[in-house]
Amino acid sequence: VYALADVDAMYCSVERVFQPQLRTCPLVVLSNNDGCVIARSAEAKQLGIIMGQPWFQVRRQWPGVAVRSANYALYGDFSARLLALASQHTPHVEPYSIDECFLALPAGQAAQAARQLRDQAARWLGLPVSVGIAATKTLAKLATTQAKATGQGVCDLTRATPAALAALLARTPVTGIWGIGYRLAARLRGHAISTAAELAAADPRWARRAFSVNLERTIRELRGTPCIPLAAQPPPRRQMMHCRQLGQPLTRAEDVAAAAAGFGQALAARMRRRGLAAGTLSVWLSSGGDFYRGPRIDVQAVQALLVPAATAGIFAATAAALARRMWRPGYTYRRVGALALDLIPARQAAGLWGSTQAGDAVCAAIDAIITRYGPGSIGLGQAGIKQPPPWATHQHHLSPAFTTRWDQLATTWLTTATDILMQQGRSSAG
Ligand SMILES: [Mg+2]
């Protein structure tokens, strides 16, 4: 059977692990540049704060709400820990999103494994995890929603009576089904299908003809026939992107080029961490979406690299040159992106084209210094200046990278542990 483990309000829950003062108050996490709400604690949801609501509105309307800037280093690390935990229960684990993973478990042991996983996540990671179990992935998704709604944390639909399952499907709108978005839901309403039960009763062959093979699979999965297998290894990455809304809009060519160079370096560093090299680099510049007034510009340019690389210097210089080539006066630039294409394993690149040792040694030194002293401690050109440049993303409410930076390790718990030992009258030498 399939199980889906899902962290409740992931970003907020992770923030609360090392910051107990956040555990009892309404808490929101903001998007890049602290623009709008991308995660809400249960208390924040109760207040009526909605997803995507601009922070300036929330701050004005609910002055008591606690806030943090998105800390992806921290969330990503906890995501990896949850995955490691899940992998102890079964080798068949599919990471689905930063806060969710599917597991394939033997039918008889699923419920017990789910309760154990939930317990371990709470004790070892400090995270609230809900688990849904069912015969198919689509039903497991539904079971997880149910596990949260009932507050029981685990919902095993394989043990539900047919009548109970039918009742659940009857009260679930089609938009609550995995893979069915608002647009598809609107089309289905045209065929008098608005609940999961009505969709499950539809003819799968008709669904394939009128819609897609995906909808046919969804119908069969709702009926309990597995059609969507656990994805094994994710396919190798073909491209990698670094794209940001700029902290401050830019107009001058040198600033736009500097931002592109900085993004190129960040992209190169990520590729080196994953042991990849790129054959092609692309950069785009944008004046921003419909929200902004003024003349619009959206341009992209591509440059093939002489040999596949992930060196900071090559990426920075190429990205800056592309940005300069596309820059036009009279526009305001709010978004810049860098995209690495035609990725291959770096080792393969070295074997085919010979080592680019000079650049590699510089990169290794930069990586080591950044690991030790933090981002901004060294870099090429403008990205090496410690004072953040004007285009840097601003995050005024960022919590420390408690688990991935030596200089930001949580220390409050060590104090607490010492206190406990003292209270128990034991020597704290241990
Ligand atoms: Mg979640």
Side-chain angles (χ1 to χ4, degrees), residues 2-19 22-23 26-31 36-47 49-53 66-87 89 93-103 105 110 113-134 136-157 168 172-173 175-182 228 230-231 234 399 403:
Y2 292 97
L4 176 72
D6 181 332
V7 182
D8 304 345
M10 169 87 171
Y11 296 176
C12 291
S13 300
V14 173
E15 292 288 351
R16 284 172 163 174
V17 170
F18 293 110
Q19 301 172 94
L22 298 176
R23 284 184 202 167
L27 170 67
V28 297
V29 174
L30 304 178
S31 60
C36 56
V37 173
I38 55 168
R40 307 159 297 162
S41 71
E43 299 82 2
K45 284 176 196 167
Q46 268 172 14
L47 284 179
I49 298 170
I50 55 173
M51 280 298 253
Q53 195 161 6
V67 60
R68 289 292 179 271
S69 304
N71 189 339
Y72 291 112
L74 188 63
Y75 312 151
D77 185 57
F78 271 83
S79 180
R81 286 165 194 239
L82 179 67
L83 215 56
L85 202 53
S87 305
H89 291 274
V93 179
E94 175 196 346
Y96 180 66
S97 67
I98 193 163
D99 71 326
E100 290 167 282
C101 59
F102 283 107
L103 298 82
L105 294 163
R115 271 189 295 273
Q116 263 178 13
L117 177 60
R118 183 175 145 79
D119 201 44
Q120 290 166 342
R123 277 207 253 170
W124 299 350
L125 307 182
L127 294 182
V129 169
S130 300
V131 188
I133 303 163
T136 68
K137 284 166 86 175
T138 304
L139 287 173
K141 267 272 194 192
L142 215 54
T144 307
T145 313
Q146 195 62 10
K148 287 184 192 197
T150 59
Q152 294 184 334
V154 175
C155 170
D156 185 356
L157 284 182
L168 173 62
T172 303
T175 46
I177 303 172
W178 187 36
I180 300 203
Y182 285 96
I228 307 168
L230 215 59
S399 46
T403 56

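Both ligands and their constituent atoms are indexed starting at 1 by order of listing.
- Looking at Arg123, Arg115, Gln116 one by one, the single match for side-chain hydrogen bond (donor to acceptor under 3.5 Å, both in side chains) with Asp119 turns out to be Arg123.
- If you look at the Mg ion (ligand 1), the protein N, O or S atoms less than 2.8 Å from it are Asp6 OD1, Val7 O, Asp99 OD2.
- Ion pair Arg40/Glu15 not flagged as a salt bridge, since none of the NZ, NE, NH1 or NH2 atoms sits closer than 4.0 Å to an Asp/Glu carboxylate oxygen.
- In summary, the aromatic rings of Tyr2 and Trp178 are positioned with their centroids too far apart to meet the 6.0 Å limit.
- Residues Tyr75 and Val29 have side chains in contact (heavy-atom distance under 4.5 Å, counting atoms from C-beta outward).
- Between Arg68 and Leu30 there is no side-chain heavy-atom pair separated by less than 4.5 Å.
- Electrostatic pairing of Lys148 and Asp6 counts as a salt bridge here, judged by a charged N lying under 4.0 Å from a carboxylate O.
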